[in-house]
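The figures here come from the full heavy-atom set of this structure, side chains too, leaving out hydrogens, waters and symmetry mates. Whatever order the structure lists them in is the order used to number ligands and atoms, beginning at 1.
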Amino acid sequence: MVRGLFFKLGYPLLLIFGWVFRIRKDKVQRFLIDVNNRLVRRSKRSPAKRLLLLLPHCLQRSECNIKITFNIFNCEGCGKCEIKDFVEIAKAHGLDLFIATGGTIARRIVVDTKPEAIVAVACERDLSSGVIDTYPLPLLGIINERPHGPCFNTRVDIEKVRDALAFFASNAK
Ligand code: SF4
């Protein structure tokens, strides 16, 4: 409810405010993701039995030729990128794990898998649209790290992902 109001009223106002005062859009998007995560963590709910973990394609090493877009479990586990760890986590905990190459694909995956909760890793732009698109589903967003620039060999703090998954699996409240 509070999340919905924030998405419908607060965020558009914030975008206008940001435009007027020339605040960088990614900063406004980062704020949206942060507020969303806080509200989701404050909400009461039962532990989620069906959890979806969505990852961006740019986490895969650029030199890796294995096709993981349609099936991330094709990863051969060489350990050069975090995909290996996520495959192991998904297998150990029975998670739905997918690569989302864009908003349309992400929405289709959500429709197909019907999760009770989502943990998503992406850049500010994709995550901010994702949290709004998937509302009222609870989603915790984790912004990726981009040491080589956008969309190329990106990284993510796996502990943040583990923590978000544990939150939904156990329910903090
Ligand atoms: S861990 Fe998997 S996806 Fe990453 S580089 Fe190795 S084989 Fe490719």
Classify the angle between the aromatic ring planes of H148 and F152 as parallel (below 30°), tilted (30 to 60°) or perpendicular (above 60°). perpendicular
Other residues, nucleotides and ligands only: do more than 12 of their heavy atoms fall within 6.0 Å of CD on E76? no
Per-atom filter on ligand 1: closer than 4.0 angstrom to a heavy atom of C64 are 3 (S), 5 (S), 7 (S), 8 (Fe)
Taking S62's backbone N and O only, do any of them form a donor-acceptor pair with N153's side chain (distance below 3.5 Å, no angle check)? yes
Can you sort out which atoms of ligand 1 are near I66, meaning under 4.0 Å from one of its heavy atoms? 7 (S)
Could you tell me whether the side chain of I109 reaches within less than 4.5 Å of the side chain of L54, counting heavy atoms only? yes
With heavy atoms of K84 as the reference, note each atom of ligand 1 found under 4.0 Å away. 1 (S)
Linking I/L/V/M/F/W/Y whenever any side-chain heavy atoms sit under 4.5 Å apart, do V156 and L53 land together? yes
What atoms in ligand 1 come closer than 4.0 Å to a heavy atom of E76? 2 (Fe), 7 (S)
N/O/S from C81 sitting under 2.8 Å away from atom 2 (Fe) of ligand 1: no
Is atom CZ of R61 surrounded by more than 12 heavy atoms (other residues, nucleotides or ligands) closer than 6.0 Å? yes
Among protein heavy atoms, which lies nearest atom 2 (Fe) of ligand 1, and at what distance? C75 SG, 2.4 Å
Kindly confirm whether atom 6 (Fe) of ligand 1 is within less than 2.8 Å of some N/O/S atom in C78? yes
